[in-house]
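Just so we're on the same page: letters track the sequence lines, and every chain starts at 1.
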2 protein chains.
Amino acid sequence: MSDADDAFIRQSFDLIDGLDGLSDPLDVQKTIFDLVARCGFSYFAITRLPQPSERIGPNLLLSVWPDGWLAHYDRVGHYRYDPVVRHCFRTTEPFAWNEAPLEPDTASQARRVMEEAREHGMGAGYCVPIHDAHGFQGGISLAGERVEMTPRVRRAVHLLGLYAWSAAARTTARRRKPGGRLLSARERDVLSCAAQGRTQEETADFLGVSIDTVATHLRNARTKIGTRNTTHTVIEALRLREISL
Amino acid sequence: MSDADDAFIRQSFDLIDGLDGLSDPLDVQKTIFDLVARCGFSYFAITRLPQPSERIGPNLLLSVWPDGWLAHYDRVGHYRYDPVVRHCFRTTEPFAWNEAPLEPDTASQARRVMEEAREHGMGAGYCVPIHDAHGFQGGISLAGERVEMTPRVRRAVHLLGLYAWSAAARTTARRRKPGGRLLSARERDVLSCAAQGRTQEETADFLGVSIDTVATHLRNARTKIGTRNTTHTVIEALRLREISL
DNA sequence: CCCGGTATCCCGGAAAACCGGGAGGGTGCC
DNA sequence: GGCACCCTCCCGGTTTTCCGGGATACCGGG
């Protein structure tokens, strides 16, 4: 527990104290970047979990990120194989990029993602996954050529990441999702019923409409989301946060 | 940013450093209690989210909790109305018990929960919700007659709670769930396929078995979990963490 | 005023899932 | 050697869902 660590921890807490007062996302971005730069990070990004579209770009909340890397990442579809992303689904604790395990079936693609990241100046990184009551929501990634952090600093960065996420989500809240829901209210109703195990007939009774109406709503929901049957639709609607349990 | 705060923060980080080495849950419990007692807390509990049974008791990982309160809480079914629990579903940030909003439709029951907690020596409390990739998982609650924490200390307790949760889950992992999965491997396989929208026939091809086998597995999973159809089974299996997305 | 979206209802035929049996072979435990 | 699972496969009959066409009505924006 060196003095340098304690100083960094104190600065992190100071920064968190200050986040509440900020309302401009760019202020948040600058504040955070100034601090993490001291750990040797050149880049950082705060991002929501891309839903099925599988593109990170529109989901970035704040970022100082290498030019071209993001566009390339989206174009090539790295998101599907990025071991850092996949590890976020399995752990709540922050981890260094090189600690993210390679899954056997996607190992070669995963290695390519990491290799190309290195070529873009991100040889090492640290990721703080963000989860809420609905599951994995996004994360904070820090990256640079080389990174060295003591365990204590990692924990300070962990806490910092959590509050940075809140601040980023708060200050950018206006821009995203004006009202944009994919499904209609009735479609969400029938899917909620289906999730509870009701048949179309039971759902019809429950909602006070005919079976055909229920079937129509299910069909429309299916075509909207692009799913293959009711089970699939319910699962996807859940992931899209159209319905909840 | 008083010296007292900084001292507490340093102690919290020391404690977190030490948690990794502990393997006995009682050591974890004692270590944490010693520290939080300094904030004026007399009690604390680390608990998983009760699944459908709606009883906290079996889900407590570690606790120093008033005699009788837990039994009463379970017997009366407070869990359903506890505003602290309900707020955990909405927020990722820690909060003081009195900051948990009362929902209009359950306000009277909620008030009663808080009232009775006060009678058991818990007039004030602080809760750290825990979420993972599957959603709300549980929480850490600290309570006492009266509590005063500066914002910085609250954040230190936040971080402490996260690591305390990990340590509690790790050290108590053996006791609960000896291997105890409800479903068999194959049953989980077919449910995962169903969640991806595969028909029984497609699942059969994918797994290299006959349709009848798939149907049998689905049927057995249904009767085991007690669900009504495949959609319902998939959803419940997801909640029970038998399968994941 | 028309168009798109929503909500409601209808039909018939095809496909899929569900039900309740049975049954053989495997593993592992007491 | 039973006993309890698990995995595999089979059957016939029933229920439910899915598919593809419809139709009517309401509402709000361009």
Is any side-chain nitrogen or oxygen of [X] closer than 4.0 Å to OP1 or OP2 of [N]?
| X | N | value |
| --- | --- | --- |
| A:Arg228 | D:dC18 | no |
| A:Ser184 | C:dA7 | yes |
| A:Thr230 | D:dC18 | yes |
| A:Gln200 | D:dT15 | no |

Check every strand shown and say whether [X] touches a base, only sugar-phosphate, or nothing at a heavy-atom separation below 4.0 Å.
| X | result |
| --- | --- |
| B:Asn220 | nothing |
| B:Ser210 | sugar-phosphate |
| A:Arg219 | base |
| B:Ala185 | sugar-phosphate |
| A:Thr216 | base |
| A:Thr213 | base |

Between B:Lys224 and B:Ile211, which is nearer to the 5' end of DNA chain D once each is assigned its nearest nucleotide? B:Lys224

Per nearest nucleotide of DNA chain D, the residue lying toward the 5' end, A:Thr199 or B:Gly208, is B:Gly208

Is the shortest side-chain heavy-atom distance between A:His78 and A:Val85 below 4.5 Å? no

